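Inspection log for the structure reproduced underneath, given as structure tokens.
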Amino acid sequence: MKNAVISELFDQMADIMEILGEDVFRISTYRKVARIIGDLPTDVEMLLATGKLAEIPGIGKSSLAKIEEFVKTDTITAHQELLKKIPPTLLELLTIPGLGPKGTKAIYENLKVKSIAELKKALQDGLVEKLPGFGEKKAAALAKGIDFLQKSTGRIRLDQAMEAADIVTAFLKEQSGVEKVQPAGSLRRRAETIGDVDILVASKRGEQIIQAFTGAKFVQEVLASGPTKGSAIIQMETTPVHVDVRVVPSKSFGAAAQYFTGSKQHNVRLREIAVKAKMKLNEYGLFRGDKMVAGPVEEEIYKKLGLDYIDPLLREDRGEVEAAEAHKLPELIRLVDIKGDFHMHTSASDGKCSIEELAEAAKELGYKFICITDHSKSSAIANGLSAKQLAQQIKEIHKLNEKIKGITIFAGSEVDILADGSLDFDHKLLSELDFVIASIHSGMGSPRQKVTSRTLKAMDNPYVSCVAHPTGRLIGEREAMDIDIAAVIKQAAQTHTALEVNSNPYRLDLKDVHCKMAIEAGVKLAIGTDSHNIESLSLMSFGVATAGRGWATKDDVLNTLTPVKIKTWVKTKRPK
DNA sequence: GCCGTTTTCGGCCCGACTGTTTTCAGTCG
Ligand SMILES: Nc1nc2c(ncn2[C@H]2C[C@H](O)[C@@H](COP(=O)(O)OP(=O)(O)OP(=O)(O)O)O2)c(=O)[nH]1
Ligand SMILES: [Mg+2]
Ligand SMILES: [Mg+2]
Ligand SMILES: [Zn+2]
């Protein structure tokens, strides 16, 4: 799939044009195209062939021609031409926090600095601070910026962000004059990775609160500190986390929540609608002239713009604004709709606790079912079960179902999809299970055709009810397999197989846009926590959020069915 | 570069913080 490369090239063209000082609106068009292509869940080549690409707003003739050229030749002439105008390594400088295109241009033209390494040297030699527009402080900030960049671990996982947000939120709630505290930004939208943690505060005492925040003991470094907002790095156990705090008076809290939750592109869309309606939208409110039309309550902002309320999970400018205008937003799946969990491991394979312990914990969560899915024998590292052990476990589950009331324990397996697409267990044994999930744990680096056909073949098996973590990614650690997700989804629809939304924050697999594709194809989602202990059962909320980001309703998710209905659903695929 | 029942030309979201600036540009949210 060429989407990612095309997206990068458009961003790079925008970067170069910015350094060259070209028209800012033209540049933002390139950035928009980069974002659109980067967000596409489907192969750009397919969309191009069907003419769908040209229909996407924001992609005009010129961009379309560039994309077409890349699809055919693997290059974009305009990109090549731009690259001739600056040394490619100069683009590194744009990644330094605090240094933008203007500064980069000045440093390049005056000092002939072409890379971060050379900039470091120039800073040490005291050359940068002598440049017009620069000074001692700016030079020092740049040195710090480089340091930070080289130490930075990049975007963090949702669970890490949540932990940091909890600490800061608790601290802010203690401060006098604080009326409300609300995590915002990509964390509130439950994006799959988080660049920085954004927290909104309602208070009249902005300056004092920001000072308290930047002076807090968990703060390692202060990046900015003013009367309404502050930025700092806090050191968590596993990683440093960048936190932005914004304070507004409570009469603006709704508007500020809208602003600070984003996404940026979603905000721009709303502000455009406001302008068209002769109004102005900012973080202080929605205004017609001097009159505040909405502000204290977030829902009112949407209402007064003529839109249905848009759940934060959907605010990515992926069609939600149009849907809100047309009153066609989905009623999203919620955690309270979830009746059970499809994926968990016991101490029989690599889990930490017994079936009974998991069942009791699930009952506490109000669940009506759980599905025990230990690994199969090929996953030797995970202590996978042999056929004999699995048969034994099935018996044990039947006994436990007699003993434990109020919850149904499904006998299941996370059965390995072998190299040839066959499974670790025969039909006879699989037929004795209530719900089988199949997944790939080996040969994940194989070519696209190979991993795809393995997965497709597994779905042909009438006893496979679900494919678990279909792309196999581990966020921050391992790329997704090169798998044809469109083909997997099509096959899932045809074979009556569900696709998992793995809730582990390392996985979130399927991811949001793939969930959306699956739902549009009529495929059901099965959310599983992949728990190896009791605590992880609560990861369900991440899976539900990911499905919600994929526009999932109650009807799209198997976890909302009663155990009886799940059994019926499974039988549909099996031989009569 | 893109787009349009107010426009096919002329707009394009809007504001906070920093540093070097004497009135604001650059960068970022
Ligand atoms: N109107 C407007 N709002 C913006 C702009 N940039 C950022 N915001 C708002 C929306 C963002 O969600 C929010 C927080 O900014 P961040 O840079 O932290 O982005 P966000 O949290 O969405 O993603 P992240 O995971 O941090 O990269 O501020 C902008 O250019 N215009
Ligand atoms: Mg953020
Ligand atoms: Mg932020
Ligand atoms: Zn598992």
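To find a chain, count down the sequence lines: A is the first, B the second, and so on, and within it residues start at 1. Note that the coordinates shown come from a computational prediction; the quantities given were computed from them, not determined experimentally.
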### Message
Atom CD of residue position Q220(A) - does it have more than 12 heavy atoms of other residues, nucleotides or ligands inside 6.0 Å?
### Response
yes

### Task
Could you tell me whether K229(A) and E283(A) have a side-chain N and a carboxylate O separated by less than 4.0 Å?
no

### Task
Start with the C-alpha gap between R549(A) and E192(A), add the side-chain angles, then the distance that decides, and say whether salt bridge (Lys or Arg N to Asp or Glu O under 4.0 Å) holds.
CA-CA 10 Å; R549(A) 286 175 58 82; E192(A) 62 185 36; over 6 Å; no

Just distance, no hydrogens or angles: give the donor-acceptor pairs under 3.5 Å from side chains in residues 43-51 of chain A, sequence neighbours left out.
unit_1, atom_1, unit_2, atom_2, d
D43(A), OD1, E45(A), N, 3.2
T50(A), OG1, M46(A), O, 3.1
T50(A), OG1, L47(A), O, 3.2

### Query
Would one find more than 12 heavy atoms of other residues, nucleotides or ligands at under 6.0 Å from atom NZ of K180(A)?
yes

## Note on the structure
5' to 3', nucleotides 23-29 of chain B under a 4.0 Å protein heavy-atom cut-off (B base, S sugar-phosphate only, - none) gives ---SSSB

Show which side-chain atoms of residues 305-313 of chain A pair as donor or acceptor with protein atoms under 3.5 Å away, not counting sequence neighbours.
unit_1, atom_1, unit_2, atom_2, d
D308(A), OD1, H327(A), ND1, 2.9
D308(A), OD2, H327(A), ND1, 3.0
Y309(A), OH, R315(A), NH2, 3.1
D311(A), OD1, L313(A), N, 2.9

### Message
Applying side chain to side chain donor-acceptor pair (under 3.5 Å), can you list everything that pairs with N3(A), at least two apart in sequence or on another chain?
### Response
none

Sequence neighbours excluded and cut-off under 3.5 Å, please list the side-chain donor-acceptor pairs for residues 116-128 of chain A, or say none.
unit_1, atom_1, unit_2, atom_2, d
E118(A), OE1, K114(A), N, 2.8
K120(A), NZ, Q150(A), OE1, 2.9
K121(A), NZ, D125(A), OD2, 3.0

### Distance between P atoms of dC13(B) and dG19(B) (Å, rounded)
29 Å

Just the table, please: protein N/O against nucleotides 5-10 of chain B N/O, every pair under 3.5 Å.
unit_1, atom_1, unit_2, atom_2, d
dT6(B), O4, K278(A), NZ, 3.3

### Message
Parallel, tilted or perpendicular: which one describes the rings of F218(A) and F171(A), with boundaries at 30° and 60°?
### Response
perpendicular

### Over 12 foreign heavy atoms within 6.0 Å of CD, E299(A)
yes

## Note on the structure
In whole angstroms, the gap separating P of dG1(B) from NZ of K61(A) amounts to 13 Å

### Task
Quickly work out the R31(A) CZ to dC13(B) P distance and round it to whole Å.
15 Å

### Task
Examine dG15(B): is either OP1 or OP2 under 4.0 Å from a nitrogen or oxygen in the side chain of N282(A)? Give yes or no.
yes

### Message
Once you apply a heavy-atom cut-off of 4.0 Å, does V275(A) come out as touching a base, just sugar-phosphate, or nothing?
### Response
sugar-phosphate

### Summary
Each base of DNA chain B marked ( ) or [ ] if paired in-strand (Watson-Crick or G-U under 3.5 Å), | if paired to another strand and . if unpaired gives ((((....)))).((((((....))))))

### Summary
From NZ of K130(A) across to C1' of dG19(B) the rounded distance in Å is 18 Å

### Task
Between dG1(B) and dT7(B), how far apart are the P atoms? Round to whole Å, please.
25 Å

### Query
Within the structure shown, what part of the strands sits under 4.0 Å from L281(A) by heavy-atom distance: base, sugar-phosphate, or nothing?
sugar-phosphate

### Query
Within this structure, what is the NZ-to-P distance between K137(A) and dT21(B), rounded to whole angstrom?
13 Å

### Task
Please measure how far the C1' atom in dG15(B) lies from the corresponding atom in dG10(B), and state the result in whole Å.
24 Å

### Message
Under 4.0 Å from OP1 or OP2 of dG1(B): is there any side-chain N or O of S63(A) that close?
### Response
no

### Message
Strictly below 4.0 Å, N to O, side chains only: are D290(A) and K280(A) in salt-bridge contact?
### Response
no

## Note on the structure
Ranking dC3(B), dG1(B), dA16(B) by distance to the side chain of D23(A), first place goes to dG1(B)

### Message
Taking any heavy-atom pair under 4.0 Å as a contact, classify G133(A): base, sugar-phosphate, or nothing.
### Response
sugar-phosphate

### Between dG15(B) (C1') and Q258(A) (CD): distance, integer Å
14 Å

#### Entry: Rounded distance in Å between the P positions of dC14(B) and dT20(B)
30 Å

### Nearest-neighbour nucleotide for the T29(A) side chain, dC14(B), dC2(B), dC17(B) considered
dC2(B)

### Task
Might you work through the salt bridge (Lys or Arg N to Asp or Glu O under 4.0 Å) test for R35(A) and E316(A), ending with a clear yes or no?
CA-CA 11 Å; R35(A) 186 187 60 84; E316(A) 299 289 347; over 6 Å; no

### Message
Which residues in residues 199-223 of chain A have a heavy atom closer than 4.0 Å to any atom of DNA chain B?
### Response
none

### Task
Using the P atom on both, measure dT21(B) against dG26(B) and round to a whole Å.
13 Å

### Task
Determine the interatomic distance between C1' on dC3(B) and the same-named atom on dT8(B); round to the nearest Å.
9 Å

### Message
At less than 4.0 Å, is any side-chain N or O atom of Y284(A) found next to OP1 or OP2 of dA16(B)? Yes or no.
### Response
yes

### Task
Examine dC17(B): is either OP1 or OP2 under 4.0 Å from a nitrogen or oxygen in the side chain of T228(A)? Give yes or no.
yes

### Summary
Whole-Å distance, L64(A) CG to dG1(B) C1', equals 13 Å

### Task
Take atom P in dG29(B) and the same atom in dT22(B), then report the distance between them in whole Å.
27 Å

### Task
Could you tell me whether E81(A) and K84(A) make a salt bridge, using a distance below 4.0 angstrom between a side-chain N and a carboxylate O?
yes

## Note on the structure
Here the distance between atom C1' of dC3(B) and atom CD1 of I273(A), to the nearest Å, is 15 Å

## Note on the structure
Sorted by chain and residue number, the side-chain contact (heavy atoms from CB on, under 4.5 Å) partners of V222(A) (sequence neighbours excluded) come out as T214(A), V219(A), S225(A)

### Message
To the closest 0.5 Å, what do you measure between NZ (K105(A)) and CG (L90(A))?
### Response
11.5 Å

#### Entry: Contacts of type side-chain contact (heavy atoms from CB on, under 4.5 Å), residue F70(A), not counting sequence neighbours
K2(A), V5(A), I6(A), L9(A), D74(A), I76(A)

#### Entry: Atom-to-atom span, CE of M13(A) to P of dG1(B) - whole angstrom
10 Å

### Message
Applying a 4.0 Å non-hydrogen cut-off, can you work out what E136(A) is touching in the nucleic acid: base, sugar-phosphate, or nothing?
### Response
sugar-phosphate

Would you give me the side-chain donor-acceptor pairs under 3.5 Å for residues 158-170 of chain A, sequence neighbours excluded?
unit_1, atom_1, unit_2, atom_2, d
D159(A), OD1, R157(A), NE, 3.0
D159(A), OD2, R157(A), NH2, 3.2
Q160(A), OE1, R157(A), N, 2.8
Q160(A), NE2, T238(A), OG1, 3.3
T169(A), OG1, A165(A), O, 2.6

### Query
Are E221(A) and K151(A) ion-paired here, with the side-chain N under 4.0 Å from a carboxylate O?
no

### Task
Identify, residue by residue, the members of residues 289-314 of chain A with a heavy atom below 4.0 Å from DNA chain B, and return them in order of residue number, or none.
none

### Task
Determine the contact category for R269(A): base if any of its heavy atoms lies under 4.0 Å from a base atom, sugar-phosphate if only primed atoms, P, OP1 or OP2 are that close, otherwise nothing.
nothing

### Query
Any chance CZ of R31(A) has more than 12 other-residue heavy atoms, nucleotides or ligands included, within less than 6.0 Å?
yes

